[in-house]
Amino acid sequence: MLDIKWIRDNPEAFDASQKSRGQDVFAKTLIDLDEERRALLTEMQELQALRNTLAKEIGQAKAKGEDAAEVAARASSVKTDLSVAEASANERQQQLQDLLARIPNVLDKQVPEGGEEDATVVSTQGQVPEFSFEPKSHDEIGEALGLMDFAKAAQISGARFVILKGALSRLERALGAFMLDVHTSEFGYQEVNPPLLVRDDALFGTGQLPKFEEDQFLTTDQRWLIPTAEVPLTNLVREEVLPEEKLPQRFTAFTYCFRSEAGSAGRDTRGMIRQHQFSKVELVSIAHPDESEKELEHLTKAAETILQRLGLAYRKILLAAQDTGANASKTYDLEVWLPSQGCYREISSCSLDTDYQARRMNARWAPKSEGKKEKPRFVHTLNGSGLAVGRTLVALLENYQNEDGSVTLPEVLRPYMNGKKEITSDGQLV
RNA sequence: GGAUGGGUGGCCGAGUGGUUGAAGGCACUGGUCUUGAAAACCAGCAGGGUCGCAAGGCUCUCGGGGGUUCGAAUCCCUCCCCAUCCGCCA
């Protein structure tokens, strides 16, 4: 959520950002609406003041035992006017709120113009593997191992589900544990095991509601399956006022995520790239506004470290305007090399959301300053995948596959795989 | 799911229709005292909105929303949350 006052003071900056994003709401609409709202508000408040004065008079008169009938009659008519004024002020207020709730964050100045093709490649790391044979796709490998079953998953749950078994099931668990260990022991994140079902307010707080309702799964009791652990993790600070010295707060969680994938019909239909349910290790930082830029680098580095340790080739890109999510002022994507597709595919998305989410969930911090007492201010929130576990498994299978169909396990994972080095072509761990 | 009791400022807690945005305490900030610290004492200390150059004014907020009333933290309705007991259950 943006601050209407900020928009009032910076209409050009707001419009420039909206234009870059390809949005069609501009400052003038909002400012006009806000002006009307404020006029109505003033009117309403004057009537409230009058009401309060008269009510006090009545109270005083009664205390002295005097007759207050005349004042009471006046008060009664004020009451009628007031209810009309309140109704129109509230209506305008609601209109403005509804509009603001759907407006995306203001883009950082560094964000390049354009769409998907216009991302800036920040760095490219690791060695793209060369194969002396035609590399297979992860789903071919997994099915050949007998450890990945899309057909049965479809029978049980429908399209966009998968069943992992044996070594692959274990591999997913190992990856989650490995990632959590790195983040908690090396990057200062606290491991959290959050709820996977959340209320409207939580989703509103992180910005999935009201605009992206159709991407979520809603349960029969009006709770939502989390599309990412970003939702419960960021909401950990909702309605809090954190002391300055407690910043930054860093949280990580290994959870399942659920997405309806409405509107992505036909995309990534094969394999486990795009599923209704997938596991992810999420990173969330709650930061001081002056430190948030730096915190984004810290968070992204944590995610990159996983890729590096796993020996996967990847690149880091800065998303262009139209590809940057509504919450974010700036987003880095990490893309991992997938031999079967011969290209880099998103495996992590690390965003600085500035105070956009904090405003929605009223998450603040109290500045600590000598002598002077300052008002609480909104924190900055950041989130990133560190990493998408399902896609990491995909990348491992493809990048570490051997010609005979076996898959070598990277060194760092072996302690998490009972010391085993390889998944053999018949699906055994050895 | 049933029953009961609760939700008040950063925290604890008083307050059951009338100048109560709210006693008291803790925490915090400043000061006095002290070589320094502690203690003691004095003072300050909620947030949002809106008007105003400012000083400051007005207004809203006692879990959320709605209602009764000239006037609501206090009465009514509804929803949410917490606690305890019973039932059910991984």
Side-chain angles (χ1 to χ4, degrees), chain A residues 1-9 30-98 100-101 193-205 209 219-224 232 235-247 249 256 286 355 358-379:
Chain A
M1 186 102 83
L2 297 181
D3 183 3
I4 182 65
K5 281 190 214 156
W6 183 89
I7 297 173
R8 231 190 285 160
D9 294 340
L30 298 167
I31 292 172
D32 288 351
L33 195 55
D34 182 50
E35 224 157 82
E36 270 183 65
R37 169 195 143 252
R38 279 151 59 212
L40 288 168
L41 210 53
T42 303
E43 205 175 297
M44 176 186 90
Q45 290 181 352
E46 278 166 1
L47 284 168
Q48 284 172 332
L50 182 56
R51 174 202 62 193
N52 291 345
T53 313
L54 294 177
K56 276 181 190 170
E57 274 178 34
I58 293 168
Q60 283 168 328
K62 288 207 170 162
K64 286 189 231 156
E66 294 168 6
D67 176 42
E70 199 185 313
V71 191
R74 271 181 71 203
S76 203
S77 86
V78 168
K79 191 184 169 183
T80 316
D81 296 344
L82 181 58
S83 68
V84 175
E86 278 176 341
S88 48
N90 288 340
E91 188 197 342
R92 200 60 90 249
Q93 174 89 3
Q94 196 56 50
Q95 278 175 9
L96 184 63
Q97 277 314 95
D98 291 349
L100 283 174
N193 200 333
L196 308 186
L197 285 169
V198 299
R199 305 150 134 265
D200 295 13
D201 288 349
L203 274 182
F204 181 86
L209 289 181
T219 63
T220 52
D221 73 341
Q222 276 298 123
R223 277 180 253 265
W224 307 77
N235 274 283
L236 284 173
V237 297
R238 72 174 296 117
E239 281 154 66
E240 293 285 332
V241 179
L242 304 166
E244 180 167 10
E245 62 271 19
K246 281 207 174 164
L247 297 176
Q249 298 206 353
Y256 285 98
I286 310 300
D355 62 359
R359 203 178 289 283
R360 295 172 86 97
M361 62 176 77
N362 198 21
R364 294 173 297 172
W365 63 284
K368 201 180 155 133
S369 63
E370 299 301 314
K372 219 168 57 184
K373 194 162 188 158
E374 288 186 47
K375 293 262 170 99
R377 296 164 54 193
F378 291 114
V379 296

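Convention: sequence-line order gives letters A, B, ...; per-chain numbering from 1. Just so it is clear, the structure is predicted and the values come from calculations on it, not from any experiment.
- One can place CD of A:Glu86 at 13 Å from C1' of B:G67, the figure rounded to the nearest angstrom.
- A gap of 14 Å separates the P atoms of B:U19 and B:U74, to the nearest Å.
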Set out, line by line, the N/O atom pairs under 3.5 Å between protein and nucleotides 7-13 of chain B.
none

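- Of all non-hydrogen atoms in A:Arg199 and A:Trp224, the two that sit nearest each other are C-CD1, 4.0 Å.
- To the nearest whole angstrom, the two C1' atoms, one in B:A73 and one in B:U61, are 11 Å apart.
- Note on A:Lys5: a side-chain N or O is less than 4.0 Å away from OP1 or OP2 of B:U50.
- For A:Ala49 and A:Ala73, each mapped to the nucleotide of RNA chain B holding its nearest heavy atom, the one lying further toward the 5' end belongs to A:Ala49.
- Within 6.0 Å of atom CZ in A:Arg238, more than 12 heavy atoms from other residues, nucleotides or ligands are found, so the atom counts as buried in its surroundings.
- Rounded to a whole angstrom, the distance from the P atom of B:C70 to that of B:C82 is 38 Å.
- Look at A:Arg51 and you'll find a side-chain N or O under 4.0 angstrom from OP1 or OP2 of B:C60.
- Within the 4.0 angstrom heavy-atom criterion, only backbone atoms of the sugar-phosphate kind lie near A:Ala75; the bases stay farther away.
- With both pairing distances under 3.5 Å, B:G1 is matched to B:C86 as a Watson-Crick or G-U wobble pair.
- Summarising the geometry, the separation between NZ on A:Lys79 and P on B:C70 is reported as 5 Å, rounded to the nearest angstrom.
- When the C1' atom of B:U50 is taken as reference, atom CE of A:Met44 falls 9 Å away, rounded to whole Å.
- The interatomic distance linking A:Glu43 (CD) with B:U59 (P) rounds to 16 Å, in whole Å.
- The side chain of A:Thr42 has B:U50 as its nearest neighbour among B:C81, B:U19, B:U50.
- Within a 6.0 Å radius of CZ in A:Arg74, no more than 12 heavy atoms belonging to other residues, nucleotides or ligands are found.
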Show your working on side-chain hydrogen bond (donor to acceptor under 3.5 Å, both in side chains) between A:Gln94 and A:Asp98 and close with a plain yes or no. CA-CA 6 Å; A:Gln94 196 56 50; A:Asp98 291 349; 3.0 Å; yes
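- The residue A:Ile58 sits close to a base: some heavy atom pair falls under 4.0 Å.
- As rounded to the nearest Å, B:G87 and B:U4 have C1' atoms that lie 15 Å from one another.
- The A:Arg199 side chain lies nearest to B:C80 when the options are B:U50, B:U19, B:C80.
- Map A:Pro376 and A:Asp34 each onto its nearest nucleotide of RNA chain B; the residue landing nearer the 5' end is A:Pro376.
- A:Leu197 has its CG atom 17 Å from the C1' atom of B:C80, to the nearest Å.
- Atom P of nucleotide B:G48 and atom CZ of A:Arg359 are separated by 11 Å, given to the nearest angstrom.
- Side-chain N or O atoms of A:Thr53 include one that pairs as donor or acceptor with a backbone N or O of A:Ala49 at under 3.5 Å.
- In this structure, CZ of A:Arg238 is placed 13 Å from C1' of B:C81, rounded to the nearest angstrom.
- With both ends at atom P, the span from B:A83 to B:G13 equals 15 Å, rounded to whole Å.
- Under 3.5 Å, the side chain of A:Gln48 and the base of B:U59 form no donor-acceptor pair of N or O atoms.
- Taking atom P in both B:C12 and B:G17, one finds a spacing of 26 Å when rounded to whole Å.
- With P as the reference atom, B:G2 and B:C79 are 11 Å apart, rounded to whole Å.
- At a threshold of 4.0 angstrom between heavy atoms, the contacts of A:Pro243 with the nucleic acid are absent.
- Shown here, B:G36 forms no base pair; nothing in the strands shown gives a Watson-Crick or G-U wobble contact with both key distances under 3.5 Å.
- Side-chain contact between A:Leu40 and A:Arg37 is absent, with no heavy atoms from C-beta onward closer than 4.5 Å.
- When the C1' atom is used for both B:C80 and B:G65, the distance is 10 Å, rounded to whole Å.
- Side chain of A:Asp355 to main chain of A:Phe378: no donor-acceptor pair is present (N/O by atom type, distance under 3.5 Å, no hydrogens or angles).
- Here the side chain of A:Arg92 pairs no donor or acceptor atom with the backbone of A:Arg38 at under 3.5 angstrom.
- For A:Glu70, the CD atom is loosely surrounded, since the number of other residues' heavy atoms within 6.0 Å does not exceed 12.
- Side chain of A:Asp34 to backbone of A:Leu30: no donor-acceptor contact under 3.5 angstrom is found.
- Residue contacts for A:Arg8: at a heavy-atom cut-off of 4.0 Å it reaches the sugar-phosphate backbone alone, with no base atom in range.
- With a cut-off of 3.5 Å on both pairing distances, the Watson-Crick or G-U wobble partner of B:A43 is B:U29.
- Residue-to-nucleotide contacts include no donor-acceptor pair under 3.5 Å from the side chain of A:Gln60 to the base of B:G18.
- Proximity of A:Arg38 to the phosphate of B:G49: no side-chain N or O atom is located under 4.0 Å from OP1 or OP2.
- Rounding to whole angstrom units, CG of residue A:Asn52 and P of B:G71 are separated by 9 Å.
- A:Arg74 comes within contact range of no nucleotide atom at all, as no heavy-atom separation falls under 4.0 Å.
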